[in-house]
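Within every chain, numbering begins at 1; the chains are lettered A, B, ... in the order of the sequence lines, protein sequences first and strands thereafter.
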There are 2 protein chains.
Amino acid sequence: MTKYVYDFAEGSRDMKDLLGGKGANLSEMTNLGLPVPPGFVITTEACTAYLVNGDVPAELAAEVTQHLDALQAKMGKKLGDADDPLLVSVRSGAKFSMPGMMDTVLNIGLNDASVEGLARQGNERFAWDSYRRLVQMFGKTVLGVDGELFEHALEAAKKAKGTVHDLDLDARDLHGLVDEFKAIVLKATGAEFPQDPREQMELATKAVFDSWNGERARLYRRQERIPSDLGTAVNVCTMVFGNLGMDSGTGVAFTRDPGSGAQGVYGDYLQNAQGEDVVAGIRNTLQLQELEGIDKPAYDELMTIMATLEHHYRDLCDIEFTIERGKLWMLQTRVGKRTAGAAFRIATQLVDEGLISEDEALLRVTGAQLMQLMFPKFGDTSQARKLTKGMGASPGAAVGKAVFTSEVAVQWAARGEDVVLVRRETNPDDLSGMIAARGILTSRGGKTSHAAVVARGMGKTCVCGAEELEIDTAERTITLRDGTVVGEGDLLSIDGTTGEVFAGEVAVTPSPVVQYFEGSLASEDGDDLVQAVHRLIRHADGVRRLKVRTNADTGEDAARARRFGAEGIGLCRTEHMFLGERRKLVETLIISDTESEQQAALAALLPPQRDDFVEILRAMDGQPVTVRLIDPPLHEFLPDLTELTVEIAVAEAKGETPEPVRVRLLEEVRRLHEMNPMLGLRGVRLGLVIPGLFALQVRALAEAAKLLKDDGLDPRPEVMVPLVGAVQELELVREEAERILAEVGVTAPIGTMIELPRAAMTAGQIAEAAEFFSFGTNDLTQTTWGFSRDDVEASFFSRYLDLGIFGVSPFESIDRDGVGRLVRTAVDEGRATRSDLHLGVCGEHGGDPDSVHFFHEAGLDYVSCSPFRVPVARLEAGRASLEATASDTR
Amino acid sequence: MTKYVYDFAEGSRDMKDLLGGKGANLSEMTNLGLPVPPGFVITTEACTAYLVNGDVPAELAAEVTQHLDALQAKMGKKLGDADDPLLVSVRSGAKFSMPGMMDTVLNIGLNDASVEGLARQGNERFAWDSYRRLVQMFGKTVLGVDGELFEHALEAAKKAKGTVHDLDLDARDLHGLVDEFKAIVLKATGAEFPQDPREQMELATKAVFDSWNGERARLYRRQERIPSDLGTAVNVCTMVFGNLGMDSGTGVAFTRDPGSGAQGVYGDYLQNAQGEDVVAGIRNTLQLQELEGIDKPAYDELMTIMATLEHHYRDLCDIEFTIERGKLWMLQTRVGKRTAGAAFRIATQLVDEGLISEDEALLRVTGAQLMQLMFPKFGDTSQARKLTKGMGASPGAAVGKAVFTSEVAVQWAARGEDVVLVRRETNPDDLSGMIAARGILTSRGGKTSHAAVVARGMGKTCVCGAEELEIDTAERTITLRDGTVVGEGDLLSIDGTTGEVFAGEVAVTPSPVVQYFEGSLASEDGDDLVQAVHRLIRHADGVRRLKVRTNADTGEDAARARRFGAEGIGLCRTEHMFLGERRKLVETLIISDTESEQQAALAALLPPQRDDFVEILRAMDGQPVTVRLIDPPLHEFLPDLTELTVEIAVAEAKGETPEPVRVRLLEEVRRLHEMNPMLGLRGVRLGLVIPGLFALQVRALAEAAKLLKDDGLDPRPEVMVPLVGAVQELELVREEAERILAEVGVTAPIGTMIELPRAAMTAGQIAEAAEFFSFGTNDLTQTTWGFSRDDVEASFFSRYLDLGIFGVSPFESIDRDGVGRLVRTAVDEGRATRSDLHLGVCGEHGGDPDSVHFFHEAGLDYVSCSPFRVPVARLEAGRASLEATASDTR
């Protein structure tokens, strides 16, 4: 028979699936012998049974009775007793903490009779206040009565008394309020407030179960990708009271400073108060250390307990506790959240203290945290003039002149000025301005607003929802509440991490972690944070299986990435080799009617491309350099259709004769114009349609490698064909490339991007002609979902994030169910054809922490990412190895 | 041990894999006791072993020797014998007929000695001519000598003799030519022409093997999707000669007329000739019946043999035969090709003759043949003035005024005139003109040219590569070789099936098959073709499992499709409900700033949409009608960005003030402009971003159904959500739709298109919220391959077809390996979630014969296609059922 109720003494921290996080940790503390108020947990299985069948399991009531009887016997008190009643709290507690859910009903067990008994125990006001709280909390969260009704009644009572403080209401006032509250319940629900304590408990339990499927909870789960069939547990716990006088109190504490990672306990204490009062921030709290002077025995006991917990959990713990008339009670503990810097510091501290291994330390930090440490920050802002604080929507520190339109942003940036784009809110029209700006500041919208989503996509600093700013785009001013006006061209400094906005220029401090990675700061010269990062990234390097390459198109980028630890180039785009002065040759290539003109244009492009490749191969000497043959459609190298059409139409309207060469160009632009260039003549298709184009690139690369080899270097070029959908395409390119390589006298593996669903679905065939696959997860995401990043981040991603359709943009973190499944299919079937097939990824996901784990699991050989993300990928690759090992040996 | 050589007596027609088609049928005839010249087959396995290892299997030589010895013993002659030599032919013969491959070397066994012996057998000229033919054929196809060299020498010999006919060369001349030919071989290859007959045979065998990987053969296999590892067999067969005098001859024959399907034998005979002479068409052939007067015994024997073969093969056979001095020899037989009409007629004839069952008859005809019978044709063209004949690139018959530019085509068509677009060749600029025209005529390019590919995609009549026409676009004239000029506006009639081009208007005869399907011609009033179609389509209806629905957007289309046999609507697009007069409301919807204006615009759209649905549901009463909620991006309802930008820029250039409403519109057009609209804000995304849009449509549909239900009809609406990529999207739409359906008081299944790879990969999840899937294979093909039909058919499909990357456009016939695999995945995983999930397809593939078979195999419930394709789909669905049963019981 399924067991639906566990006494705290029967549980443990490993039972989070069944008991939820809170219940599991209360059980753990109980079994450690710590002073936890007695209680029991109704399991998540009872919840899921209730949700599936519409009622609690038949056997639940008997089990609850049994545990309740035991609890009453232990406490020597009874629920609803008219003399000395037992009170309990009923709290939800799911496996994962879910802020969207109903939390707690306190003081269950009070009714019209037992409140008198509680009053007779010594504190009449406390008794009636507790009953008042119960009716209010129960009415609102269990019975669904509009909470405003209670608030209004409470306000009215205070007003009648001529006060604004709850504490000024005496027992008699509160008794009156209880009557009013009960009347509110009767009117709203058509039934009396339930007097039977057991009925109170059962209704509260069902309400907690129902809250699992409340709208906010479902949205939260959709966003956080928490499975919706887990259910929540219910904790029933004896009430203890911190508000029985000055010898009572309540507090929260951490075993180390979660902000800095400094060693030593850290917390707040509030005398004569309950937990909700601390949260409400009505009175100022005391530093935890001050408790020593107030109640040394309780303080000492707390210190001992915290040391025990930290040793037991082998990590920073956060706790909630209450002191009831000098007696310490532990109400909750869990592994505590911490800042990025604290995470690195604490992890290495715990290693040094012998509590955890280096492997464990690595698992305690994340790439996301490392990324935070790599953003530049404002230095000392104490002298800076802070204008307001909005939401930190995309981290970093940006300084620039305020501009109010995209046009001005683009113009000013073009002449070399740093600008911050200021908008009430952004829309797709602002894209060019956002690209041109150092940072973006808006007065409306939250973390899923257009500005926030697009800025994060670009990796650009953004503060949004700074509601105190009145932005007037026509006048080009920001007006603050105090009348201060910031105009176009005035300097602003915005902090995308904290959301702070400063007037003028605030000096930006480079990240010491970046300085360390770049080699300008030796690890031994850095502070303890740099030391911690150094230790953990080195450990990651030692344990990871995935290699980390970089995406780099120039020798300079390649050299920088190498300093960051890149082990080769996973994606060298060759598009830039057709820009600048060479654009003219591309135009010739496109416009020319004769093959000889085309071949001449191609021939002229060879020497400069060879030079480009020499530079890149030299910078990555001895490491693989994967060169992607030209990918974008040709018309990207031509003028814009609309602009050119307007130019010629306007000239004609003015009675001028348009230049013939422009007219000819327009013809070609029109001919090459595509409705959907992303789905058009590009990639390998271009190479097969324009004779000599790919050959030019392969020859330039081969000759560059030959030159370096002849110089005694060790160039390792790889030829990568983009946008292959069918093995036949690759075979044709391969044939030509092999011929050219042989002619020049060098060797290079030839492989392909896997960036189309068809390539993934036919990977077994494609592997016959490919020595390596590189997953182009940007394009693969676009075609798998059928949306183009350029078009949709702006138009509906923010809405989709709000609706919970995405928890995170699939361009940021790989969509495991859809895109990821295609990747796995291609890996499995590619390797089945060719067991030594080399596999990597060169989409932006290569630098995303969660995605790196996926690529490790999928069995790739390397990830490739932007230079700045290389350390992040190294760290996460190490963590992924450890996690995989842990789950293998579990 | 593998057996590599089979005597004809050891094989059978079921051994095509091993013996190739030719060898298998020669074996079959041998075992039927028919007079086949003795010989043997070297298997395809010998070929593949040779290709893999670079040499023939070691044991092959001994096996060949054994079979050769037996052959020589049987014939009483020896290869290369100086007195009475045996001659053999060496012919390739793969499983599938491959016109791109090397075919035949005749007269193997002749050399300088044996030619004398052969001469002494009675015909000196014949002997030397045979040797001349051997050296020439062997030199060219086996030794790779340029064939022109032999041709030139032959021409020179004839010129020296003062003649143009080969027959005027006597034995002495031919002897001289043999010497010359041998000198050519020596010069070109550095070696003497091989005198050893066995060496001749081995070299010829290897040459046949090598030809399997010749360029043309590989291209042909890529295009026809023939696996490249099959290999070819080699047939070694005793030579018989039809050129030994007037009592000899050669012929080809069919057991019925392959053109009309008329009963009775049909063929040609040529006296004193070899097979190649018939093909060369040097002399006029005789009707087969005339042989009776020339050689009655041989004729009678042939008639008996043909009857035997037709009974044995139970189908129309085509044969090749030779009569050597009165003795009949069978050289080849196979099931013969036939026209579409003949296929239907012969299939039903064979049923009536008791040779085959109705099931077999249905398998003998194809949907492609039925389609050919449904195109309109020109009636009597004997009086028409035929200008030229090009390639029939896209079937049908089109009449219209000649126009030479797309602009004129569009203008003239807009005023109601039928036009034929005449271009030297087409390019993407001509698309609008091609759409406007009745037919397209070009003077350049083949069946894979831009014009051909795009016209077939559009289902538009096209003749291309009419090289005799000189087209002058500037002068707007076509000039013929005889000086005739066709100018702009002159009437042309083009036949896309035959490639014929006529001056003036030729009357078009509607297809009687279409008249039958439309009900305007009762089957009993039709000719034997209509009767045959009627019988076979009825039989198909009886055996098929797949239902056939239609894609129809109006009541009229629905009614027509119903007459063609449609069993419901699989795709009712709702886009047209936002066009015409209603476009203004859509503009209001987009431009309005306030929600109330938007809601008013939506409310105004409700009544007309309801009327549309009433009409459609009424036309399909009692059958399902799947309505797809609006799919295309909103900007499709707005003016073109470039045009509007030009309009305003030109107004400004002229110093005019542009209309403010146009300026406002431009702003919105710009805001909604997408780089890749196919990958943008459309489908379900639009429904989730624009509140009330989908609700409007669902309400209009529900209210229409309610009205009809209240009238006592049986409306069966289904709601289909487009472009779903994640189950969450569908859940949100479903929730709202269910609410509206309940409010109105009707029920309707709610389902989704599966048209994105992600939808296919997560079909198991999506099926939780879908009662049906409809595969949108057009869009699925676009995203799976990453190309948009609009953009790429024009720019690279013709090149891809030429390169053999596609055998057929994946938009025409489903790509089984890529798109098809996604479909299968979605079917399997969708049904695993919901066993009664209803499955259909509504892409254009639903009417493609090959694709219909795939959908049957994949387990779909129905296909949906354009009304005109409904009979094709019915026929193919029947055939698919039979094929599946056949392969199940095999």
> Roughly how far apart are A:Leu756 CG and B:Phe787 CZ, rounded to 0.5 Å?
Replying inline: 9.0 Å

> So which of A:Ala649, A:Gly680, A:Gly786 has the largest heavy-atom pair count under 4.5 angstrom toward chain B?
Replying inline: A:Gly786

> Hey, mind stepping through B:Phe806 and A:Gln728 against side-chain contact (heavy atoms from CB on, under 4.5 Å) and telling me if it holds?
Replying inline: CA-CA 9 Å; B:Phe806 305 143; A:Gln728 293 91 334; over 6 Å; no

> Side chain, backbone, both or neither: which part of A:Glu731 has a non-hydrogen atom closer than 4.5 Å to chain B?
Replying inline: neither

> In Å, rounded to the nearest 0.5 Å, how long is the span from CG of A:Leu681 to CZ of B:Arg799?
Replying inline: 11.5 Å

> Would you call B:Leu732 and A:Ile805 a side-chain contact if the rule is heavy atoms closer than 4.5 Å?
Replying inline: yes

> Can A:Thr825 and B:Met761 be said to form a side-chain contact (heavy atoms from CB on, under 4.5 Å), step by step?
Replying inline: CA-CA 11 Å; A:Thr825 302; B:Met761 296 310 275; 4.2 Å; yes

>> For B:Gln765, which atoms come within 4.5 Å of any heavy atom of chain A: side chain, backbone, both, or neither?
In response: side chain

> Do A:Val819 and B:Arg758 come within less than 4.5 Å of each other through their side chains, counting heavy atoms only?
Replying inline: no

> For the residue pair A:Ala653 and B:Val650, what are the closest heavy atoms and their distance?
Replying inline: CB-CG1, 3.7 Å

> What option among A:Leu822, A:Leu723, A:Leu641 has the most heavy-atom pairs under 4.5 Å with chain B?
Replying inline: A:Leu822

> Is it true that A:Glu652 and B:Lys654 have a side-chain N and a carboxylate O under 4.0 angstrom from each other?
Replying inline: no

>> Within this structure, what is the CD-CE distance for the pair B:Glu674 and A:Met675, rounded to the nearest 0.5 Å?
In response: 10.0 Å

>> Looking at chain A, which one of B:Pro677, B:Gly725, B:Ala726 has the largest number of heavy-atom pairs inside 4.5 Å, strictly under?
In response: B:Pro677

>> I need the residue from B:Gly683, B:Ala651, B:Ser788, B:Ala760 with the largest number of non-hydrogen atom pairs under 4.5 Å to chain A.
In response: B:Ser788

> Under a 4.5 Å cut-off applied to non-hydrogen side-chain atoms, are B:Leu679 and A:Leu679 in contact?
Replying inline: yes

> Hey, mind stepping through B:Asn676 and A:Gln782 against side-chain contact (heavy atoms from CB on, under 4.5 Å) and telling me if it holds?
Replying inline: CA-CA 11 Å; B:Asn676 300 281; A:Gln782 297 196 113; over 6 Å; no

>> Applying side-chain contact (heavy atoms from CB on, under 4.5 Å) to B:Tyr800 and A:Leu688, what does each step give before you reach the verdict?
In response: CA-CA 8 Å; B:Tyr800 267 38; A:Leu688 292 173; 3.6 Å; yes

> So which of B:Asp815, B:Ile648, B:Asp779 has the biggest tally of heavy-atom pairs under 4.5 Å with chain A?
Replying inline: B:Asp815

> Counting N and O atoms only, with roles assigned by atom type, does the side chain of A:Arg685 sit under 3.5 Å from a partner on the main chain of B:Phe796, one being a donor and the other an acceptor?
Replying inline: no

> Is the shortest side-chain N to carboxylate O distance from B:Arg821 to A:Glu829 below 4.0 Å?
Replying inline: yes

